[in-house]
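What follows is a set of notes on a single structure, which appears directly below.
Only this structure's heavy atoms are used, side chains among them; waters, hydrogens and symmetry mates stay out. Labels below follow one simple rule: chain letters A, B, ... track the order of the sequence lines, proteins then strands, and each chain is numbered from 1.
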Protein chains: 2
Amino acid sequence: MDNAGQGLHARVLESLGPEIAAGEHRPGTVLRTDELAQRFDVSRTVIREAVRVLESMHLVESRRRVGVTVRATEEWNVYDPRVIRWRLAGADRPRQLRSLTVLRCAVEPVAAGLAARHASPEQCAALTEHAMGMVATSRGQQLDAYLVHDTAFHKTLLTASGNEMFARLHEVVAAILAGRTHHHVMFTDPDPAAVTLHVQVAEAIRTGDAARAEELTREITVGAMAELDILAP
Amino acid sequence: MDNAGQGLHARVLESLGPEIAAGEHRPGTVLRTDELAQRFDVSRTVIREAVRVLESMHLVESRRRVGVTVRATEEWNVYDPRVIRWRLAGADRPRQLRSLTVLRCAVEPVAAGLAARHASPEQCAALTEHAMGMVATSRGQQLDAYLVHDTAFHKTLLTASGNEMFARLHEVVAAILAGRTHHHVMFTDPDPAAVTLHVQVAEAIRTGDAARAEELTREITVGAMAELDILAP
DNA sequence: GGGAAGATTAAGTATGACGTTTGCGTCACA
DNA sequence: TGTGACGCAAACGTCATACTTAATCTTCCC
């Protein structure tokens with residue numbers, strides 16, 4: 001566990017949060033602050049601060065005389081990076097990974113089209129550099145090095161779109177890519193066709209060809225869905 | 001103001017949050033818990049709980065010996081519903097509205113395509129009902145009634161996609177639609193073409209025509225972008 | 001049997017004390 | 001003059017306790 005977060009409340013959060021996100025406490029379960037304080041051997045104040053954060057994520061609801069109630073999954077703030085992380089670490093990881101991948105496939109092609117219009121020269125250079133890095137590490141079981149370039153490529157792309165909502169999804173894409181490398185069946189080297197597509201996307205963005213950038217990125221994301229057996233829209 | 005949130009910490013949050021989200025405190029500004037306690041006339045405990053929530057939204061960072069520092073905009077959890085609400089109420093409302101609209105335009109067509117495959121009979125009925133409601137209220141300055149149906153239509157559509165990430169964006173779409181009605185230049189009745197498109201989308205989803213549902217929805221969202229002078233991708 | 005008044009319970013708030021970290025100034029030394 | 005170690009103090013972090021508030025349950029009377 002990485003319960004090393006500074007402060008006791010962070011420690012409590014990193015224990016309680018994953019428990020709830022993983023579904024260990026069924027929705028409707030009530031937790032009492034006193035019991036939690038006893039369980040974690042901290043004061044009620046610390047528990048209250050942790051509960052406030054969980055409440056702000058809509059994971060729980062705190063009511064007087066009742067206690068801290070676990071909310072239904074549909075109410076959770078599923079875009080909160082920590083909620084995403086906790087859920088990916090839990091039981092319904094596959095389901096979560098599919099949801100995120102579908103979201104990614106909707107967003108990233110559009111982001112690529114925007115990037116073709118708004119990317120700065122520096123961002124274009126970074127895209128090309130990371131695409132080249134992917135080529136260089138695509139053979140010979142250099143999966144970790146490949147992942148670094150892949151992640152950086154997509155982060156740069158999303159940022160270059162100039163849309164802050166897109167940009168903030170880079171963590172989601174990073175989680176997807178990391179998940180594929182570390183958990184999915186990826187013992188073999190990356191698909192050469194996918195690597196080529198990244199190079200071509202970088203090229204399309206550099207030359208300002210929005211339609212082409214979008215279409216090529218769509219091919220990448222369709223491939224990502226295929227890996228999870230999601231039929232393309 | 002709707003500072004009626006239960007509890008003192010909620011009251012503090014609903015004052016401090018919007019201030020920060022609106023940019024009244026430049027990034028890097030330090031707030032001291034003691035000063036805040038004095039300013040809001042509450043105990044430091046209450047301030048600390050509010051700060052914890054702001055910290056969980058990545059709006060601020062709390063460090064020992066330094067104080068509570070306002071973070072840069074790029075670090076905010078821009079998908080948190082409250083952050084969205086606060087920013088829409090603040091100065092850079094137009095910018096925020098554009099970002100959200102672009103996101104919506106990337107997501108909603110894909111969601112419509114998925115809905116054509118996964119929508120339940122009840123959801124299909126609801127879509128048709130709300131589309132009809134839009135038709136019925138599209139003339140004669142019934143803007144508020146129209147907005148209710150429009151919002152319900154898109155919420156149902158996003159939910160029917162079966163993807164939880166899409167479903168949770170219904171608040172974003174609701175904010176966009178409400179923003180258009182209440183602030184944008186919409187003194188006239190809605191565009192008849194847009195109303196027709198909604199009816200057709202409902203029909204396409206009912207008949208399971210994913211490609212058509214996606215394309216028709218894309219037309220709706222392109223229209224939404226045009227209203228904000230955003231050139232279509 | 002139903003409704004209202006009161007008891008109960010658990011969260012909410014306030015307060016004061018103490019602990020802990022850490023930015024920053026000071027001073028000595030090379 | 002520059003650099004390093006040292007130590008102070010500021011601000012957050014934690015705790016214990018007492019009190020307040022409000023929702024739920026119980027009881028009792030009509």
Side-chain angles (χ1 to χ4, degrees), chain A residues 1-17 19-20 25-72 75-76 82, chain B residues 1-17 19-20 25-72 75-76 82:
Chain A
M1 327 246 189
D2 57 342
N3 286 1
Q6 348 245 52
L8 293 184
H9 66 94
R11 190 173 64 78
V12 172
L13 203 55
E14 288 297 323
S15 286
L16 251 188
E19 281 180 19
I20 296 171
H25 305 280
R26 309 312 310 170
T29 306
V30 291
L31 310 166
R32 258 83 56 91
T33 54
D34 285 319
E35 288 181 7
L36 292 174
Q38 193 171 0
R39 171 183 161 192
F40 289 103
D41 194 34
V42 295
S43 73
R44 207 163 62 100
T45 310
V46 172
I47 296 296
R48 287 178 51 73
E49 288 178 15
V51 167
R52 280 282 162 277
V53 176
L54 293 173
E55 196 177 28
S56 87
M57 297 170 174
H58 273 68
L59 289 183
V60 302
E61 185 185 9
S62 180
R63 288 174 56 201
R64 275 183 158 138
R65 162 72 192 184
V66 174
V68 178
T69 316
V70 178
R71 301 179 92 132
E75 302 182 81
W76 296 355
R82 256 177 308 192
Chain B
M1 324 246 187
D2 58 343
N3 286 2
Q6 350 240 55
L8 293 185
H9 66 93
R11 188 171 65 77
V12 172
L13 204 55
E14 288 297 323
S15 285
L16 250 188
E19 280 179 21
I20 297 171
H25 305 279
R26 311 309 313 170
T29 307
V30 291
L31 309 167
R32 258 83 56 92
T33 54
D34 285 320
E35 289 181 7
L36 291 173
Q38 194 170 0
R39 171 182 161 194
F40 289 102
D41 193 33
V42 295
S43 71
R44 207 161 64 99
T45 311
V46 172
I47 295 296
R48 286 178 52 73
E49 287 178 16
V51 167
R52 279 283 162 275
V53 175
L54 293 174
E55 196 176 29
S56 88
M57 297 171 173
H58 274 67
L59 290 183
V60 303
E61 185 184 10
S62 180
R63 288 174 58 198
R64 280 184 156 138
R65 163 72 191 182
V66 174
V68 178
T69 317
V70 178
R71 301 180 93 133
E75 302 181 82
W76 296 355
R82 257 176 308 193

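With sequence neighbours excluded, the residues satisfying side-chain hydrogen bond (donor to acceptor under 3.5 Å, both in side chains) with A:R71 are A:E75. Take A:R63 and apply the side chain to side chain contact (heavy atoms under 4.5 Å, CB included) test, not counting sequence neighbours, and it matches A:E61, A:V66. Scored by the side-chain hydrogen bond (donor to acceptor under 3.5 Å, both in side chains) test, B:S56 finds A:S56 as partners (sequence neighbours excluded). By the salt bridge (charged side-chain N to carboxylate O under 4.0 Å, His left out) test, A:R39 pairs with A:E19, sequence neighbours left out. Under the side chain to side chain contact (heavy atoms under 4.5 Å, CB included) criterion, B:E35 pairs with B:R32, sequence neighbours left out.
Between chain B and DNA chain C, the heavy-atom contact criterion of under 4.0 Å yields a 5' to 3' nucleotide range of C:dT13 to C:dG23. The footprint of chain A on DNA chain D, defined by a heavy-atom cutoff below 4.0 Å, extends from D:dT14 to D:dC25.
Residues A:T69 and A:V30 come closest through the heavy atom pair OG1-CG1, 3.9 Å. Pairing each heavy atom of A:A72 with each of A:P27, the nearest pair is CA-CB, 3.9 Å. Closest approach of A:G17 and A:L54 over heavy atoms only: CA-CD2, 3.9 Å. Pairing each heavy atom of B:A50 with each of B:V12, the nearest pair is CB-CG1, 3.8 Å.
One distance of note links CG of B:D41 with CG of B:L36; it measures 13.0 Å at 0.5 Å rounding. Here the CD1-CE distance, from A:I20 to A:M57, works out to 10.0 Å after rounding to the nearest 0.5 Å.
Nearest-nucleotide assignment on DNA chain D puts the 5′-proximal partner with B:V68, out of A:V46 and B:V68.
For the pair A:V60 and A:H25, the minimum side-chain heavy-atom distance is 4.5 Å or more. Using a 4.5 Å heavy-atom cutoff, the side chains of A:V46 and A:F40 are not in contact.
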>> I'd like to know whether B:R11 forms a side-chain contact (heavy atoms from CB on, under 4.5 Å) with B:V42, so could you lay out the CA-CA distance, the side-chain angles of the two residues, the decisive distance to 0.1 Å, and finally the verdict.
In response: CA-CA 10 Å; B:R11 188 171 65 77; B:V42 295; 3.7 Å; yes
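Less than 4.0 Å separates DNA chain D from at least one heavy atom of each of the following residues of residues 52-67 of chain B: B:R52, B:S62, B:R63, B:R64, B:R65, B:G67. Near DNA chain D, defined here as any heavy-atom distance below 4.0 Å, the residues from residues 30-43 of chain A are A:V42, A:S43, listed numerically.
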> For DNA chain D, what dot-bracket results from Watson-Crick or G-U pairs at under 3.5 Å, with [ ] for crossers and | for inter-strand partners?
Replying inline: ||||||||||||||||||||||||||||||
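Listed by first and then second residue, the salt bridge (Lys or Arg N to Asp or Glu O under 4.0 Å) pairs that reach into residues 44-60 of chain B are A:R48-B:E49, A:E49-B:R48, A:E49-B:R52, A:R52-B:E49, B:R52-B:E55, sequence neighbours excluded.
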